[in-house]
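Step one of this worksheet: look at the structure below.
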Amino acid sequence: MLENSDLQTLGEIGFCAVLSGNILQARTIFEGLLAARPGHPAPRMGIAMSHYMIDEFDQAESVLRSLLDEKPDYHLARVHLALCLILAGRGGEAVPLLREAERVNDPLFKDMVAELLEHAA
């Protein structure tokens, strides 16, 4: 059985794979992590990212909305959903999500939301 630190390392590798364009490898990692920790949001975030990084916006949106249905206070998913909508050319739909996420009391998070709001309009 994998330790929590092993799962965290695999998650970091998965996110690096997504960001470097290794989508199939990233999905394999995140699907394995999802099987190991079904209730943890990080694997689904990674799967969603793997979709919107290659313009599969509908699939990414579906994953993120499902995650938000289960965890409505998971603001990172809300921001990623907004990013997905902006990338899909639906910035107007992203604005209410970003306005809700603005209330998070974290300066770095607020900077990210402010940046996305500029692109949503």
Checklist entry - If you round to the nearest 0.5 Å, how far is CG of Leu19 from OG of Ser50? => result 11.0 Å
Checklist outcome for this item: Those residues at least two apart in sequence (or on a different chain) that pass side-chain contact (heavy atoms from CB on, under 4.5 Å) with Gln25 are Asn22
Item to check | Inter- and intrachain pairs under ring-ring contact (aromatic ring centres under 6.0 Å, His included), touching residues 95-115, at least two apart | outcome: none
Item to check | Summary of salt bridge (Lys or Arg N to Asp or Glu O under 4.0 Å) pairs that have at least one residue in residues 74-89, sequence neighbours excluded | outcome: Arg78-Glu100
Expected list for residues 62-69: side-chain donor-acceptor pairs under 3.5 angstrom, two or more places apart:
{"from": "Arg65", "atom 1": "NE", "to": "Glu61", "atom 2": "OE2", "distance (Å)": "2.8"}
{"from": "Arg65", "atom 1": "NH2", "to": "Glu61", "atom 2": "OE2", "distance (Å)": "3.2"}

Side-chain donor-acceptor pairs under 3.5 Å in residues 111-121, sequence neighbours left out?
{"from": "Glu115", "atom 1": "OE2", "to": "His119", "atom 2": "NE2", "distance (Å)": "3.2"}

Next on the checklist: Once side-chain contact (heavy atoms from CB on, under 4.5 Å) is applied, do any residues pair with Ile29, and if so which ones, sequence neighbours excluded?
Outcome noted: Leu10, Ile13, Leu33
Item to check | Heavy-atom closest pair, residues Val18 and Ala26 | outcome: CG2-CB, 3.3 Å
Checklist entry - Rounded to the nearest 0.5 Å, what separation is found between the NE2 atom of His40 and the CG atom of Leu34? => result 11.0 Å
Item to check | Of all pairs that satisfy salt bridge (Lys or Arg N to Asp or Glu O under 4.0 Å), the ones with a partner from residues 79-89, not counting sequence neighbours | outcome: none
Checklist outcome for this item: Residues at least two apart in sequence or cross-chain that pass side chain to side chain donor-acceptor pair (under 3.5 Å) with Gln8, listed by chain then number, are Glu12
Checklist entry - In Å, rounded to the nearest 0.5 Å, how long is the span from CE of Met45 to CG of Leu81? => result 9.5 Å
Checklist outcome for this item: When rounded to the nearest 0.5 Å, the distance separating CZ of Arg44 from NZ of Lys71 is 7.5 Å
Item to check | Contacts of type side-chain contact (heavy atoms from CB on, under 4.5 Å), residue Asn4, not counting sequence neighbours | outcome: Leu7, Arg37
Checklist outcome for this item: In this structure, CD1 of Ile86 is separated from CZ of Phe57 (nearest 0.5 Å) by 11.0 Å
Checklist entry - Under the ring pair (Phe, Tyr, Trp, His ring centres under 6.0 Å) test, which residues partner Phe15, sequence neighbours left out? => result Phe30
Item to check | For Lys110 against Val104, the heavy-atom pair lying closest together | outcome: CE-O, 2.7 Å
Checklist outcome for this item: By side-chain contact (heavy atoms from CB on, under 4.5 Å), Glu31 pairs with (sequence neighbours left out) Arg27, Ile47
